[in-house]
Colleague: 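Mind having a look at this structure? Questions to follow.
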Amino acid sequence: MSGPAFFDKIASRAEALARVAALPGPVVFTNGVFDVLHRGHATYLANARALGGSLVVALNTDASARRLGKGPDRPLNNEQDRAVLMAALESVSLVTWFDEDTPTALISELRPDILVKGGDYDMQKLPETKVVEAYGGKALAIPFVDGYSTTALVKKIRSAD
Ligand SMILES: Nc1ncnc2c1ncn2[C@@H]1O[C@H](COP(=O)(O)OP(=O)(O)OP(=O)(O)O)[C@@H](O)[C@H]1O
Ligand SMILES: O=P(O)(O)O[C@@H]1O[C@H]([C@H](O)CO)[C@@H](O)[C@H](O)[C@@H]1O
């Protein structure tokens with residue numbers, strides 16, 4: 001993908017393992033749709049990055065995101081555009097995608113040291129937690145910034161029309 005230097009942070013699924021291996025450790029990993037970025041995302045990602053030497057963000061592909069049931073028109077931003085916005089953030093070291101329903105297979109492949117999600121998740125209920133802990137990694141939730149979600153933002157924008 002040609003463009004500003006931060007575009008170099010974007011890696012295909014096939015390139016991801018080699019790119020992650022070259023990152024300073026401990027490698028922190030998170031995943032999500034990150035459709036319309038907001039203050040909660042930015043804060044969350046900065047806090048995630050601070051837990052290690054680098055932060056890898058795996059985005060749901062558009063097909064994967066559509067299966068999550070966030071809304072008939074979601075994601076509003078396609079997977080390429082979401083990757084560019086994510087790569088532009090200083091906190092983010094590498095961006096890639098996963099096409100499955102969960103990031104479990106990608107996590108098994110990349111073996112990050114720390115898996116994080118926002119405080120809206122109970123880590124002990126996530127399938128990926130078992131994968132990470134099985135090889136000695138950690139899975140933890142980062143405090144949620146109340147009042148910020150993409151869904152709420154979209155509703156606010158639509159009501160302003
Ligand atoms: N307000 C927030 N504070 C902290 N973390 C957040 C916040 N909103 C989302 N996150 C985290 O960001 C990651 C991506 O979440 P996601 O893209 O679903 O954001 P969202 O705003 O909840 O979107 P949507 O409303 O479409 O579900 C997840 O790990 C989630 O826990
Ligand atoms: O942006 P979201 O909705 O926080 O991202 C989802 O997270 C799920 C979570 O990791 C529990 O497994 C994941 O399964 C889903 O594919 C989305 O990434």
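Counting starts at 1 for both ligands and their atoms, following the listed order. Nothing fancy with the numbering, it's 1 onward along the sequence. All values below come from the heavy atoms of this structure, side chains included, with hydrogens, waters and symmetry mates left out.
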Colleague: Looking at non-hydrogen atoms alone, which of Leu59, Leu37, Val145 comes nearest to atom 3 (N) of ligand 1?
Modeller: Val145

Colleague: Could an N or O of ligand 1 be found under 3.5 Å from any N or O of Asp35, whether backbone or side chain?
Modeller: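 Such a contact does not occur with ligand 1.
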
Colleague: Could you tell me whether Arg39 atom CZ has more than 12 heavy atoms of other residues or ligands within 6.0 Å of it?
Modeller: no

Colleague: For Arg66, enumerate each residue passing the side-chain hydrogen bond (donor to acceptor under 3.5 Å, both in side chains) test, keeping only those at least two apart in sequence or located in another chain.
Modeller: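 None.
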
Colleague: If I apply the N/O under 3.5 Å rule, does Gly119 come out as touching ligand 1?
Modeller: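 Min N/O separation from ligand 1 is not below 3.5 Å for Gly119.
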
Colleague: Would you say Glu100 contacts ligand 2, with heavy atoms under 4.0 Å as the rule?
Modeller: no

Colleague: Identify, for atom 13 (C) of ligand 1, the protein heavy atom at the shortest distance, and state residue, atom and that distance.
Modeller: Phe34 CZ, 3.6 Å

Colleague: Within the 3.5 Å criterion, strictly below it, is a donor on Thr43 or Tyr148 matched to an acceptor on the partner's side chain?
Modeller: no

Colleague: I'd like to know whether Trp97 forms a side chain to side chain contact (heavy atoms under 4.5 Å, CB included) with Ile10, so could you lay out the CA-CA distance, the side-chain angles of the two residues, the decisive distance to 0.1 Å, and finally the verdict.
Modeller: CA-CA 9 Å; Trp97 297 270; Ile10 301 170; 3.3 Å; yes

Colleague: Under a 3.5 Å distance rule, please check whether Lys9 uses its side chain to pair with a backbone N or O of Leu89 as donor and acceptor.
Modeller: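 Yes; judged by distance alone, with no hydrogens or angles, the pair exists.
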
Colleague: Do Asp35 side-chain atoms and Leu76 backbone N/O form a donor-acceptor pair below 3.5 Å?
Modeller: yes

Colleague: Donor-acceptor pair, Thr129 side chain versus Met123 backbone, under 3.5 Å?
Modeller: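 Answer holds: yes.
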
Colleague: Tell me, with the steps shown, if Leu59 and Phe34 meet side chain to side chain contact (heavy atoms under 4.5 Å, CB included).
Modeller: CA-CA 7 Å; Leu59 300 174; Phe34 294 99; 3.6 Å; yes

Colleague: For ligand 2, which atoms have a heavy atom of Phe98 less than 4.0 angstrom away?
Modeller: 16 (O), 18 (O)

Colleague: Atom 25 (O) of ligand 1: which protein heavy atom is closest, and how many Å away?
Modeller: Thr151 OG1, 2.7 Å

Colleague: Heavy-atom pairs closer than 4.0 Å: do any link ligand 2 to the side chain of Asp120, the backbone, both, or neither?
Modeller: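 Neither part.
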
Colleague: Taking both backbone and side-chain atoms of Val33, is any N or O found less than 3.5 Å from an N or O belonging to ligand 2?
Modeller: yes

Colleague: Nearest non-hydrogen contact with atom 27 (O) of ligand 1 belongs to which option: Arg82, Arg74, Lys117, Lys70?
Modeller: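 Nearest heavy atom to atom 27 (O) of ligand 1 lies in Lys70.
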
Colleague: Using heavy atoms and a threshold below 4.0 Å, how should the contact between Tyr44 and ligand 1 be classified: side chain, backbone, both, or neither?
Modeller: side chain

Colleague: Could you find the nearest protein heavy atom to atom 31 (O) of ligand 1 and give me its residue, atom name and distance?
Modeller: Asp120 OD1, 2.6 Å

Colleague: Sequence neighbours left out, what pairs pass ring-ring contact (aromatic ring centres under 6.0 Å, His included) with at least one residue falling in residues 112-144?
Modeller: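 Residue pairs with at least one partner in residues 112-144: there are none.
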
Colleague: Looking only at distances, please establish whether an N/O atom of ligand 2 is found under 3.5 Å from an N/O atom of Asn31.
Modeller: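 In this structure, Asn31 places an N or O atom under 3.5 Å from an N or O of ligand 2.
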
Colleague: For Gly118 and ligand 1, does the shortest N/O to N/O distance drop below 3.5 Å?
Modeller: yes

Colleague: Would you call Glu90 and Arg49 a salt bridge, taking side-chain N to carboxylate O under 4.0 Å as the test?
Modeller: no

Colleague: Look only at interatomic distance and state if Asn60 has a nitrogen or oxygen under 3.5 Å from any nitrogen or oxygen of ligand 2.
Modeller: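 Right, the criterion is met.
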
Colleague: Report yes or no: does His38 have a heavy atom closer than 4.0 Å to ligand 1?
Modeller: yes

Colleague: Could you tell me, atom by atom, which parts of ligand 1 come under 4.0 Å of a heavy atom of Tyr121?
Modeller: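 With Tyr121 as reference, the close atoms of ligand 1 come out as 31 (O).
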
